[in-house]
Amino acid sequence: MDYALIVLIELLRAVAGLVLIAAGLAIIFGMMRVINIAHGEFLMLGGYTVVLTTKLGVNLWVAILVLAPLFVGVFGIIVERCIIQFLYNRLLDSILATWGLSLLLIGAVTVVFGNTVEGVATPLGGFDIGDYKMASYTLVLIFAAALILAAIYAVLRYTRFGLIARSTMQNPNMAEALGVNSKLVYMATFGIGAALTGLAGGLLAPIAGVVPSMGIYFIGQAFITVVTGGTAIVAGTLSASTMLGTLSQSVTFLSGPVFGDAALLLVALILLRLLPQGITGRIFSRSL
């Protein structure tokens with residue numbers, strides 16, 4: 001029974017991890033149709049923000065919950081204004097531009113901080129489940145993922161900004177005709193997506209080594225989750241994260257992490273073959 005509870009918590013942690021790394025991309029790619037190859041580097045910047053500010057004496061929770069999303073969100077707005085705003089509806093150009101940005105960020109951070117692994121101590125200690133010990137921070141990640149999805153749903157469904165953002169992405173010309181500043185909406189939406197990515201990077205900093213190339217590992221999982229989930233931001237991210245995270249972690253328990261990652265990719269390929277528009281394109285087509 002104790003081991004079963006440990007397995008359940010680890011499965012939830014795997015699902016929460018995919019939700020965290022994919023939430024920001026779900027907004028930027030799912031809503032705006034911008035393929036941001038530098039998404040992994042946004043995660044990396046969030047992680048470095050936490051590492052550097054805590055070394056300067058900033059409280060860890062302030063660094064994770066405030067400074068990481070704030071810094072990466074502002075950086076995302078700058079990127080949108082300087083690069084992305086000229087590349088809407090130019091898919092190949094946006095891929096090349098953000099790929100160049102990815103390489104630039106990796107190179108710049110490597111020059112400044114070196115290629116050594118940085119990190120911060122995992123807070124809150126642990127708790128016992130029978131003969132097993134579990135890190136309390138795992139529960140924080142699960143709670144944070146649930147809260148982020150709930151916040152995205154609430155903003156998009158029940159706020160004026162959410163309604164304006166969704167309508168602008170669907171028909172910017174009509175939104176402009178109704179007096180909406182579509183450029184401002186695009187900038188804010190991209191900034192929010194970047195901020196969520198920075199928050200994810202900050203949350204992952206205590207459990208993952210922060211290194212300039214860390215984004216390479218996360219970006220594949222993020223895109224697989226978003227594409228498999230389909231067009232619905234919340235339902236798609238949640239359904240794909242639950243399915244892929246549960247399967248990947250189950251295989252990891254049985255065979256190791258390499259086979260777990262391989263299983264995630266294999267199932268994603270099968271799902272996209274059966275459901276070309278993603279899970280929510282066929283099953284939850286009316287979901288948000």
- Item | Stepwise side-chain contact (heavy atoms from CB on, under 4.5 Å) test for His39 and Asn36 | CA-CA 6 Å; His39 175 76; Asn36 180 21; 4.1 Å; yes
- Task: Walk me through it: do Ser250 and Thr246 pass the test side-chain contact (heavy atoms from CB on, under 4.5 Å)?
- Result: CA-CA 6 Å; Ser250 299; Thr246 300; 4.2 Å; yes
- Query: Which is it for Val34 and Leu87 under the side-chain contact (heavy atoms from CB on, under 4.5 Å) test, yes or no, and what are the steps along the way?
  - Reply: CA-CA 8 Å; Val34 173; Leu87 303 176; over 6 Å; no
- Steps toward side-chain contact (heavy atoms from CB on, under 4.5 Å) verdict (Met169, Val185): CA-CA 9 Å; Met169 303 309 158; Val185 174; 4.1 Å; yes
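Residues Val109 and Val112 are members of one and the same hydrophobic cluster, defined by side-chain heavy-atom contacts under 4.5 angstrom among Ile, Leu, Val, Met, Phe, Trp and Tyr. Hydrophobic clustering, with ILVMFWY side chains joined whenever heavy atoms are under 4.5 angstrom apart, keeps Phe143 apart from Leu139. Side-chain heavy atoms closer than 4.5 Å link hydrophobic residues (I, L, V, M, F, W, Y) into clusters, and following such links, even through other members, never connects Leu147 to Val155. Taking hydrophobic clusters as Ile, Leu, Val, Met, Phe, Trp and Tyr residues chained together by side-chain heavy-atom distances below 4.5 Å, Phe223 does not share a cluster with Leu18. A chain of hydrophobic side-chain contacts below 4.5 Å, direct or via other Ile, Leu, Val, Met, Phe, Trp or Tyr residues, connects Leu105 to Leu52.
Here the side chains of Gln85 and Met187 are not in contact, with every heavy-atom distance at 4.5 Å or above.
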All N/O donor-acceptor pairs, side-chain side in residues 19-33, below 3.5 Å, sequence neighbours left out:
none

Show me the side-chain donor-acceptor pairs of residues 193-213 shorter than 3.5 Å, one per line, residues at least two apart or across chains.
unit_1 : atom_1 : unit_2 : atom_2 : d
Thr197 : OG1    : Gly193 : O      : 2.9

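The line from NZ of Lys183 to OG1 of Thr168 is 14.0 Å long, rounded to the nearest 0.5 Å. Of the inter-residue distances, the one linking Glu80 atom CD with Thr189 atom OG1 reads 9.0 Å to the nearest 0.5 angstrom. The distance from atom CG of Leu45 to atom CE of Met214, rounded to the nearest 0.5 Å, is 10.0 Å. Residue Leu238 holds its CG atom at 6.0 Å from CG of Leu149, rounded to the nearest 0.5 Å. Between the CG atom in Leu156 and the CD1 atom in Ile164 there is a gap of 12.5 Å [rounded to 0.5 Å]. How far CD1 of Ile78 is from CD1 of Ile84: 13.0 Å, rounded to the nearest 0.5 Å.
The side chain to side chain donor-acceptor pair (under 3.5 Å) test applied to Asp93 returns Arg90, not counting sequence neighbours. Looking at residues two or more places apart in sequence or on another chain, you find a side chain to side chain donor-acceptor pair (under 3.5 Å) between Lys55 and Glu118. Residues satisfying the salt bridge (Lys or Arg N to Asp or Glu O under 4.0 Å) criterion with Glu176, sequence neighbours excluded, are absent altogether. With sequence neighbours excluded, the residues satisfying side chain to side chain contact (heavy atoms under 4.5 Å, CB included) with Leu124 are Trp61, Ser136, Val140. Partners of Ser102 according to the side chain to side chain donor-acceptor pair (under 3.5 Å) rule, which considers only residues two or more places apart in sequence or in another chain, are Glu41. Under the rule for a side chain to side chain donor-acceptor pair (under 3.5 Å), Arg166 has no partner lying at least two apart in sequence or in another chain.
Residue pairs that meet the ring-ring contact (aromatic ring centres under 6.0 Å, His included) test with at least one member in residues 74-113, sequence neighbours left out, are Phe42-Phe75, Tyr48-Phe113, Tyr88-Tyr186. Evaluation of the salt bridge (Lys or Arg N to Asp or Glu O under 4.0 Å) test over residues 11-28, restricted to residues two or more places apart or in two chains, returns Glu10-Arg13. Identified under the ring-ring contact (aromatic ring centres under 6.0 Å, His included) test for residues 187-214, with sequence neighbours left out: none. Sequence neighbours left out, not one pair with a member in residues 204-226 passes salt bridge (Lys or Arg N to Asp or Glu O under 4.0 Å).
Nearest heavy-atom pair, Ile83 versus Ala97, reported as atom, atom and distance to 0.1 Å: CG2-CB, 4.0 Å. In plain terms, the two heavy atoms of Ile224 and Thr228 that are nearest each other are O-OG1, 2.6 Å.
Each of Thr49, Leu67, Leu60 was evaluated against Thr54; a single residue qualifies, Leu60, per the side-chain contact (heavy atoms from CB on, under 4.5 Å) test.
Within a 6.0 Å radius of CZ in Phe161, more than 12 heavy atoms belonging to other residues, nucleotides or ligands are found.
In this structure, the side chain of Ser239 engages the main chain of Gly236 through a donor-acceptor pair within 3.5 Å. In this structure, the side chain of Thr138 engages the main chain of Ala135 through a donor-acceptor pair within 3.5 Å. Side-chain N or O atoms of Thr98 include none that pairs as donor or acceptor with a backbone N or O of Leu101 at under 3.5 Å.
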